[in-house]
Amino acid sequence: MSLQPHTPRAKMESRELTLRYGTKTAINKVSLAILEHRVTALIGPSGCGKSTFLRSLNRMNDLIPGTNHTGHILLDDTDINDRSVDVVDLRRRVGMVFQKSNPFPKSIFENVAYGLRVGGMKDKAELAARVEKSLRGGALWDEVKDRLNESALGLSGGQQQRLCIARAMAVEPEVLLMDEPASALDPIATAKIEELIHELKAQYTIAIVTHNMQQAARVSDRTAFFYMGELVECGATEQIFTNPREKRTEDYVTGKFG
Amino acid sequence: MTYTTRRAVGLFLTTLTGLAAFLMVGMLALILLDVIANGASHVTWTFLSQPPSDGMMGGGIFPAIVGTAALTLLMTLAVMPVGVLTAVYLHEYASPGSRLAAWVRVAVVNLAGVPSIVFGLFGLGFFILFVGRGMDRVLGYEEMHWAQPGILWASLTLAVLTLPVVIVSTEEALRAVPLDHRTASLALGATQSQTLVRVVLPGALPGILTGAVLAISRGAGEVAPILFTGAAYFLPDLPSHLNSQFMHLGYHTYVLATQSPDVEATRPLLYATVLVLLLLTFALNLVAVIIRTRTRRKAAGAH
């Protein structure tokens with residue numbers, strides 16, 4: 001956590017966002033700003049809607065049949081659900097890292113190059129340069145530089161997750177969404193991911209869903225607490241953890257439920 | 001139940017299941033041994049490289065080998081694209097509640113249950129009399145050109161027969177591609193078609209090739225569908241055009257077994273033909289299995 005001299009602008013913002021799976025309301029009238037070049041942590045008990053909220057930011061919920069929403073999500077003041085917005089384009093601007101590392105059964109190089117190739121990049125030198133840059137950015141380069149052509153499935157769990165982060169960064173998105181990126185990793189691998197998140201925020205706007213309160217406190221600048229599909233409270237991380245306005249937030253962050 | 005009876009029941013079941021498994025292996029071994037013992041000595045280079053002679057009582061089976069191979073190849077070329085595309089539609093593009101997809105699935109299941117002789121008649125009626133005649137009329141042939149039995153029509157008939165196998169196994173293979181890989185691809189800004197071509201189909205390839213193996217081994221041995229659609233009783237020439245008739249190992253086996261004037265004299269030929277048919281089918285299977293194992297190892301990422 002660092003002191004912010006002035007409040008940066010909102011890179012993404014939801015306004016009165018309500019999302020339903022069929023008739024079940026997953027998130028209810030959530031208005032939340034994701035500030036530029038800050039790490040926003042989304043916390044809350046299982047099923048509180050934090051992951052659903054995250055997935056709606058790059059429209060991954062579109063893939064689940066029967067979802068519908070009301071309200072707006074803005075990226076740089078443009079509604080991402082607007083007819084004129086190409087969802088492929090949106091996902092290149094708003095990248096995502098998943099809970100379970102999911103490298104393709106391809107080589108390490110091809111995994112990182114994937115987003116570039118589908119984006120139309122063909123030049124070999126350019127691809128190689130971007131792959132190296134992304135792997136360095138993902139703090140994985142030194143570990144894999146001699147085996148770029150080996151299968152990504154041969155990497156350890158922590159390495160695979162850093163590969164997925166590097167893969168997401170290769171496309172150079174503006175926003176990076178992370179859905180419990182370290183929940184399946186051991187403490188050492190987790191520490192590396194957290195360190196990485198710290199470094200990434202200079203370039204990216206990050207939203208991270210986490211179950212781990214300490215992690216939220218360690219990595220984020222701002223924290224949003226979700227409960228039963230509603231946004232209970234959002235503020236500077238320090239304030240949420242030391243001086244929450246809401247009783248429910250206090251109960252959750254102090255471990256009374258969750 | 002006492003301990004002794006429980007033990008006895010257990011032992012009985014073990015023996016019963018073991019016997020059943022042994023029976024199955026035993027039957028296969030018996031068939032193979034019989035065919036090899038009676039046929040192997042007759043499978044010579046002359047037999048493999050010469051057409052039949054002396055009213056089927058001499059010579060070899062070269063045209064039948066070529067005919068079977070060409071037929072199976074054409075069938076595979078026809079069935080794989082259609083089968084794979086159908087499965088891709090069913091699994092990747094049709095919405096889960098799609099009525100069309102439901103109907104297609106019902107059709108596939110029913111197609112799989114149709115007796116093969118019906119496919120033969122269907123091939124005759126549809127491909128030769130309907131499509132063939134239509135083509136002759138449109139292309140201006142005075143004499144029958146396409147409206148007669150030929151290797152193209154026979155292979156298309158077999159393709160229809162093996163279509164359900166390919167569709168079902170391809171759909172199974174598509175289902176086995178982890179959802180994680182699709183979402184990862186889409187989250188990286190790939191379109192649905194890019195995801196299909198670059199992630200889903202490569203991931204499903206081993207399973208798709210399994211479908212090809214099954215289709216080939218089913219198709220290579222079927223005789224009924226080609227009886228009316230292209231198989232020739234005796235034809236020393238190799239099929240040279242898509243409308244040529246052809247000899248076929250399976251049909252030749254039937255001919256040797258039932259149409260010979262001298263059963264004793266043709267028996268070694270019959271055994272040898274069956275042996276070659278079995279070997280050809282096994283060889284085709286083996287090739288496909290090797291390809292499949294290779295791609296699977298590659299897909300899993302050989303370390």
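Because only heavy atoms are used, hydrogens play no part in the values below, and waters and symmetry mates are left out as well, while side chains stay in. Everything numeric here is computed off the predicted structure, so don't read it as measured data. Below, chain A is the first sequence line, B the second, and so on; all start at residue 1.
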**Message:** Is Pro173(A) close to chain B through its backbone or its side chain, or both, or neither, when contacts mean heavy atoms under 4.5 Å?
**Reply:** neither

**Complete:** Scanning both residues in full, the closest heavy-atom pair of Ala184(B) with Arg167(A) reads CB-NH2, 3.4 Å

Could you state the interatomic distance from [atom1] ([X]) to [atom2] ([Y]), rounded to the nearest 0.5 Å?
X: Asn102(A); Y: Arg182(B); atom1: CG; atom2: CZ; value: 13.0 Å
X: Leu188(B); Y: Arg117(A); atom1: CG; atom2: CZ; value: 13.5 Å
X: Asp180(B); Y: Phe98(A); atom1: CG; atom2: CZ; value: 8.0 Å
X: Glu110(A); Y: Arg198(B); atom1: CD; atom2: CZ; value: 9.0 Å
X: His181(B); Y: Tyr114(A); atom1: NE2; atom2: OH; value: 11.0 Å
X: Arg59(A); Y: Leu186(B); atom1: CZ; atom2: CG; value: 12.0 Å

Would one find more than 12 heavy atoms of other residues, nucleotides or ligands at under 6.0 Å from atom [atom1] of [X]?
X: Tyr21(A); atom1: OH; value: yes
X: Ile188(A); atom1: CD1; value: no
X: His37(A); atom1: NE2; value: yes
X: Tyr93(B); atom1: OH; value: yes

**Request:** Select, from Pro178(B), Gly97(B), Ser95(B), Gly189(B), the one with the greatest count of heavy-atom pairs under 4.5 Å involving chain A.
**Result:** Gly189(B)

**Message:** Looking only at heavy atoms and a cut-off of under 4.5 Å, which of Met60(A), Arg93(A), Met96(A) has the most pairs with chain B?
**Reply:** Met60(A)

**Asked** Going by heavy atoms in the side chains, are Ser185(B) and Phe104(A) under 4.5 Å from each other?
**Response** yes

